[in-house]
Peer 1: 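The following block contains the structure, expressed as structure tokens.
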Amino acid sequence: MELKRLNELQKMNKTSLVNLFLSLQEFTRTTLLENNDLKEVLEIRQKLDFASTTEKLSYLQMLFDELDVEKDAPAEEQEQKEVTVREHTRRAPYTLLTLPAETPVIDIYHEATVPTCPVCEGTAMVKVEDKIVDRIGTAPSKRYIERHHYAQFACRECEADWEAGEKNRVTVNYRPEIDNLMAAPSLVADSVVQKFADGLPLYRQTGIFKRNGMEISRQTLSNWLLSYWQLLPPLIKRFKLQLIQANLINQDETPIKVLKPAPKGTSQSNFMVVQVGSSGNHRIVLFTYVSNRRRLTLDSLVAGYQNYIQTDGLKEYNHLENHIGCWVHGVRDFKKILKVNPGAANAKAICKIVGKLYTIEDEERERAAKEGSDTAQFMASRKQRAEAVFDELEDFLHTIRGDYTSGSAMGKAMNYLYNHWNQLIEYVNCYEATPSNNIAENAIRPFVCGRKAWLFANTVNGADASALYYSLIETAKANGLNPYEYIWYVLEQARTCRNEDDWDRLLPWNIDTSYIAMLKGRRDSAFPNPNRKEPYIFRGKH
């Protein structure tokens with residue numbers, strides 16, 4: 001083979017040999033450049049990605065998102081007792097916990113109008129004894145009992161056929177799906193905030209309850225949260241409506257693993273998407289679980305939206321109109337280069353130029369707040385100053401672009417700016433927008449931090465419930481509300497909501513702060529029954 005190639009070379013004329021030599025020289029130069037580029041990229045990755053990307057799952061059973069645990073599963077710590085009743089034996093309801101006799105009690109009387117009998121159709125019913133349901137409430141560092149009195153009415157004109165399922169007794173304003181729970185809204189709200197705001201998993205909360213003398217299982221806590229989750233979808237619909245009407249949506253996504261309905265023995269990586277809708281001083285933070293982040297899926301989250309949307313550099317967003325990019329992602333690769341090589345002058349210069357945009361943003365917003373400038377004045381001044389920085393950056397990139405190949409670290413970093421330039425400079429046309437997408441990044445951070453404690457969602461219901469509670473908490477924080485008080489307020493009021501106007505009153509900027517004050521006052525007025533000697537035994541739904 002070598003002899004054959006040698007003979008072919010000997011037959012070539014001088015011009016052909018020169019051309020062959022030049023082509024080989026160019027090939028060698030290109031190969032060396034590509035080799036150097038790959039070495040540079042590899043060096044950056046080795047120095048930045050030093051941490052393991054996999055998790056040891058020896059304690060897998062403790063790391064599920066506990067909202068997945070199915071509601072009808074039996075609680076772990078509870079016992080059944082045989083109770084003899086006359087001529088037959090039946091199982092007593094589960095006994096969950098015992099509270100001391102001196103536990104404060106609040107009597108709450110629910111308003112009721114006289115209903116008509118559902119059996120004899122029209123006869124006015126007469127008031128009989130109240131249906132009394134004891135539920136546990138909570139206050140910081142103490143427990144109390146809420147004793148709810150639901151007005152009951154019975155018909156004296158007919159006898160119901162109980163075997164046929166007829167009942168001639170009506171309990172007014174009673175919702176068994178949540179009113180049968182042992183936990184009052186204040187206790188559920190406390191568990192929600194601990195898990196979704198403070199990152200305290202339910203299995204750790206059970207340990208805290210046990211130290212305080214209350215045997216409450218992780219399964220029970222999960223059932224409480226899931227019961228209220230099933231009550232609140234209408235509020236999330238109002239959140240979505242407010243989001244679609246916002247002037248700006250900041251959007252981001254992060255992976256979440258859902259084991260079911262994935263194939264047995266595998267884990268399925270899905271996503272939690274966060275959207276922050278801003279209009280003036282109002283903000284809605286909406287978390288949504290999605291099974292993928294393909295273009296059609298992400299488009300469905302902003303269907304009907306006409307205003308600005310700001311995201312990172314994910315290509316599935318690039319087709320959107322009024323799309324705003326993020327300068328944090330724009331300079332991310334330059335900062336990686338500086339971590340490996342602090343002396344990289346051009347990377348440092350680009351970061352310094354982009355940093356001027358943030359200075360302008362802070363100065364202009366501070367000046368507008370101080371001088372009371374209107375929106376148009378603020379946008380005009382910010383745009384004029386920012387466009388001068390855009391021109392400076394473009395000129396600098398044009399000057400140094402020829403010094404780097406497209407495959408080098410600097411070349412790739414500059415290509416990102418060129419490919420996303422129109423989106424990166426678009427923020428100056430939206431009042432609510434800033435140079436970065438940090439609003440969405442900050443909103444999703446609590447979920448990312450909390451995920452470290454449980455790693456997985458076992459079912460789609462668990463992921464959806466987590467999305468709802470994160471939405472409530474982060475929306476409260478975004479509007480300057482105490483998350484616990486807002487969740488407490490929502491859980492108390494949701495049971496009485498009947499139409500869209502009722503649910504609208506639960507939006508953060510519409511809440512009745514005097515009602516929250518009433519809840520606190522009612523809680524603080526609880527006092528023990530001085531004549532009671534026996535402990536309170538709670539039975540029933542948990």
Peer 1: Salt bridge check: are Arg495 and Asp179 linked by an N-O gap of less than 4.0 Å?
Peer 2: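 Between Asp179 and Arg495 there is a salt bridge, with a charged N closer than 4.0 Å to a carboxylate O.
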Peer 1: Pair Ile178, Val188 - check side-chain contact (heavy atoms from CB on, under 4.5 Å), show working.
Peer 2: CA-CA 11 Å; Ile178 55 172; Val188 178; over 6 Å; no
Peer 1: Please determine whether side-chain contact (heavy atoms from CB on, under 4.5 Å) holds for the pair Leu99 and Ile145, giving the CA-CA distance in whole Å, both sets of side-chain angles, and the decisive distance to 0.1 Å.
Peer 2: CA-CA 9 Å; Leu99 294 183; Ile145 295 173; 3.9 Å; yes
Peer 1: List the steps and the verdict of side-chain hydrogen bond (donor to acceptor under 3.5 Å, both in side chains) for Ser217 and Thr220.
Peer 2: CA-CA 5 Å; Ser217 71; Thr220 297; 2.9 Å; yes
Peer 1: Just checking Trp224 against Tyr228, ring centres under 6.0 Å apart?
Peer 2: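 That pair fails the under 6.0 Å test.
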Peer 1: When rounded to the nearest 0.5 angstrom, what distance separates CG in Asn429 from CD1 in Ile324?
Peer 2: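 Reported value, rounded in 0.5 Å steps: 8.0 Å.
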Peer 1: Would you check if Leu225 and Ser191 make a side-chain contact, meaning some heavy-atom pair closer than 4.5 Å?
Peer 2: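 Yes, their side chains come closer than 4.5 Å.
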Peer 1: Does a sphere of radius 6.0 Å around CG in Asn499 hold more than 12 heavy atoms from other residues, nucleotides or ligands, not counting ones at 6.0 Å or beyond?
Peer 2: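 More than 12 within 6.0 Å, yes.
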Peer 1: Quick check: do Ile511 and Leu481 have side-chain heavy atoms less than 4.5 Å from each other?
Peer 2: yes
Peer 1: With a 3.5 Å distance limit and no angle check, can you tell me whether Tyr305 reaches the backbone of Tyr308 through a side-chain donor-acceptor pair?
Peer 2: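 Confirmed, Tyr305 side chain pairs with Tyr308 backbone.
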Peer 1: Name all residues meeting the side-chain contact (heavy atoms from CB on, under 4.5 Å) criterion together with Asn438; count only those two or more places apart in sequence or in a different chain, and write none if there are none.
Peer 2: Val328, Ser436, Glu441, Asn442
Peer 1: Give a yes or no answer on whether the side chain of Ser408 reaches the backbone of Thr405 with a donor-acceptor pair at less than 3.5 Å.
Peer 2: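 Between the backbone of Thr405 and the side chain of Ser408 there is a qualifying donor-acceptor contact (under 3.5 Å).
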Peer 1: For the pair Tyr470 (side chain) and Ala197 (backbone), establish whether a donor and an acceptor sit closer than 3.5 Å, ignoring hydrogens and angles.
Peer 2: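 Looks like no, no N/O pair under 3.5 Å.
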Peer 1: Quick one: side-chain contact (heavy atoms from CB on, under 4.5 Å) partners of Arg498, sequence neighbours excluded?
Peer 2: Arg175, Asp502
Peer 1: Which atom names give the shortest non-hydrogen contact between Asp333 and Ala413, and what distance separates them?
Peer 2: CB-CB, 3.6 Å
Peer 1: Could you go step by step and tell me if Lys520 and Glu485 meet the salt bridge (Lys or Arg N to Asp or Glu O under 4.0 Å) rule?
Peer 2: CA-CA 9 Å; Lys520 292 180 179 179; Glu485 292 180 357; 2.4 Å; yes
Peer 1: Evaluate the side-chain hydrogen bond (donor to acceptor under 3.5 Å, both in side chains) criterion for residues His148 and Glu146: first the C-alpha distance (whole Å), next the side-chain angles of each, then the deciding distance (0.1 Å), finally the verdict.
Peer 2: CA-CA 6 Å; His148 291 255; Glu146 290 184 5; 2.8 Å; yes
Peer 1: To the nearest 0.5 Å, tell me how far Lys240 NZ sits from Leu301 CG.
Peer 2: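 Answer rounded to 0.5 Å: 8.0 Å.
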Peer 1: Considering non-hydrogen atoms only, spot the tightest contact between Ala433 and Glu361 and give its length.
Peer 2: O-OE2, 3.6 Å
Peer 1: For Arg295, give me all partners under side-chain contact (heavy atoms from CB on, under 4.5 Å), at least two apart in sequence or on another chain.
Peer 2: Asp299, Glu316, His319
Peer 1: To check you understand the geometry: which heavy-atom pair defines the closest contact between Asp512 and Tyr489, and what is its length?
Peer 2: N-OH, 3.0 Å
Peer 1: Just wondering, do Leu472 and Leu235 contact through their side chains at under 4.5 Å, heavy atoms?
Peer 2: yes
Peer 1: If we ignore hydrogens and angles and just use 3.5 Å, is the side chain of Asn510 paired with the main-chain N or O of Leu506 as donor and acceptor?
Peer 2: no
Peer 1: So Tyr469 and Lys195, side-chain contact (heavy atoms from CB on, under 4.5 Å) or not? Walk me through it.
Peer 2: CA-CA 9 Å; Tyr469 286 120; Lys195 177 172 172 58; over 6 Å; no
Peer 1: Students often mix this up, so state it plainly: with edges at 30° and 60°, are the rings of Tyr484 and Trp488 parallel, tilted or perpendicular?
Peer 2: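 It falls in the tilted class, 30° to 60°.
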Peer 1: Between CD1 of Ile256 and CE of Met272, what distance do you get to the nearest 0.5 Å?
Peer 2: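 If I round to the nearest 0.5 Å, the distance is 4.0 Å.
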Peer 1: If you look only at pairs with a residue in residues 242-254, which of them pass as a side chain to side chain donor-acceptor pair (under 3.5 Å), with sequence neighbours excluded?
Peer 2: Asn247-Glu432, Asn250-Gln310, Asn250-Asn437, Gln251-Gln275, Gln251-Tyr317, Glu253-Arg293, Glu253-Tyr317, Thr254-Arg451
Peer 1: Does a side chain donor of either Lys477 or Asn482 reach within less than 3.5 Å of an acceptor in the other side chain?
Peer 2: no
Peer 1: Hey, could you give me the CZ/CD1 distance between Arg218 and Ile216, rounded to the nearest 0.5 Å?
Peer 2: 14.5 Å
Peer 1: For side-chain hydrogen bond (donor to acceptor under 3.5 Å, both in side chains), just list the numbers for Thr138 and Asp190, CA-CA rounded to whole Å, side-chain angles, deciding distance to a tenth of an Å, and then say yes or no.
Peer 2: CA-CA 8 Å; Thr138 186; Asp190 186 56; 4.7 Å; no
Peer 1: What is the distance from atom CG of Asp312 to atom NE2 of His420, rounded to the nearest 0.5 Å?
Peer 2: 8.5 Å
Peer 1: Below 4.5 Å, heavy atoms only, C-beta onward: do Lys412 and Ser406 meet side chain to side chain?
Peer 2: no
Peer 1: What pair of heavy atoms forms the shortest contact from Val276 to Arg283, and how long is it?
Peer 2: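 Here Val276 and Arg283 meet closest at CG1-CD, 4.2 Å.
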Peer 1: With a 4.5 Å cut-off on side-chain heavy atoms, are Glu394 and Trp421 touching?
Peer 2: yes
Peer 1: Could you tell me if the side chain of Arg238 sits less than 4.5 Å from the side chain of Glu500, heavy atoms only?
Peer 2: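 In short, these two side chains touch, coming nearer than 4.5 Å.
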Peer 1: I'd like to check the ring pair (Phe, Tyr, Trp, His ring centres under 6.0 Å) partners of Phe378; sequence neighbours left out, ordered by chain and number.
Peer 2: Tyr431
Peer 1: Just do the side-chain contact (heavy atoms from CB on, under 4.5 Å) check on Leu468 and Phe196 with the steps written out, would you?
Peer 2: CA-CA 10 Å; Leu468 181 144; Phe196 299 102; over 6 Å; no
Peer 1: Tell me, do Met214 and Phe538 make a side-chain contact under 4.5 Å, heavy atoms counted?
Peer 2: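 No, their side chains stay 4.5 Å or more apart.
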Peer 1: Taking Trp327 for the side chain and Val354 for the main chain, is one N or O donor matched with an acceptor at less than 3.5 Å?
Peer 2: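 Side chain of Trp327 to backbone of Val354: no pair is present.
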Peer 1: Mind checking side-chain contact (heavy atoms from CB on, under 4.5 Å) for Ala386 and listing every partner two or more places apart, or none if nothing turns up?
Peer 2: Leu357, Phe390, Tyr427, Val428
Peer 1: Where is the tightest heavy-atom contact between Phe239 and Thr475, given as atom of each residue plus distance?
Peer 2: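 Looks like CE2-OG1, 3.5 Å.
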Peer 1: Check whether Ser227 reaches the backbone of Asn223 with its side chain - one donor and one acceptor, N or O, closer than 3.5 Å.
Peer 2: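 Pair found, side chain donor or acceptor close to backbone of Asn223.
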Peer 1: Run the numbers on Tyr289 and Ser466 for side-chain hydrogen bond (donor to acceptor under 3.5 Å, both in side chains), then give the verdict.
Peer 2: CA-CA 9 Å; Tyr289 160 76; Ser466 294; over 6 Å; no
Peer 1: Work out which heavy atom in Cys430 is nearest to a heavy atom in Arg382; give both atom names and the distance.
Peer 2: O-NH2, 2.7 Å
Peer 1: Between Asn292 (side chain only) and Arg294 (backbone N and O only), is there a donor and an acceptor less than 3.5 Å apart?
Peer 2: yes
Peer 1: Answer with yes or no whether the side chains of Tyr404 and Asn346 bring together a donor and an acceptor at under 3.5 Å.
Peer 2: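 A pair is found: one side chain offers a donor N or O, the other an acceptor, under 3.5 Å apart.
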Peer 1: Is Ser471 reaching over with its side chain to a backbone N or O of Phe287, donor-acceptor style, under 3.5 angstrom?
Peer 2: yes
Peer 1: Could you tell me whether a side-chain N or O of Asn322 sits under 3.5 Å from a main-chain N or O of Gln306, the two making a donor and an acceptor?
Peer 2: yes
Peer 1: Flag the pair Ser186 / Leu519 as yes when at least one side-chain heavy-atom distance between them is below 4.5 Å, and no otherwise.
Peer 2: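 Not in contact.
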Peer 1: Look up atom CD1 in Ile284 and atom NE2 in His282, then write down how far apart they are to the nearest 0.5 Å.
Peer 2: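 One finds 9.5 Å between CD1 of Ile284 and NE2 of His282.
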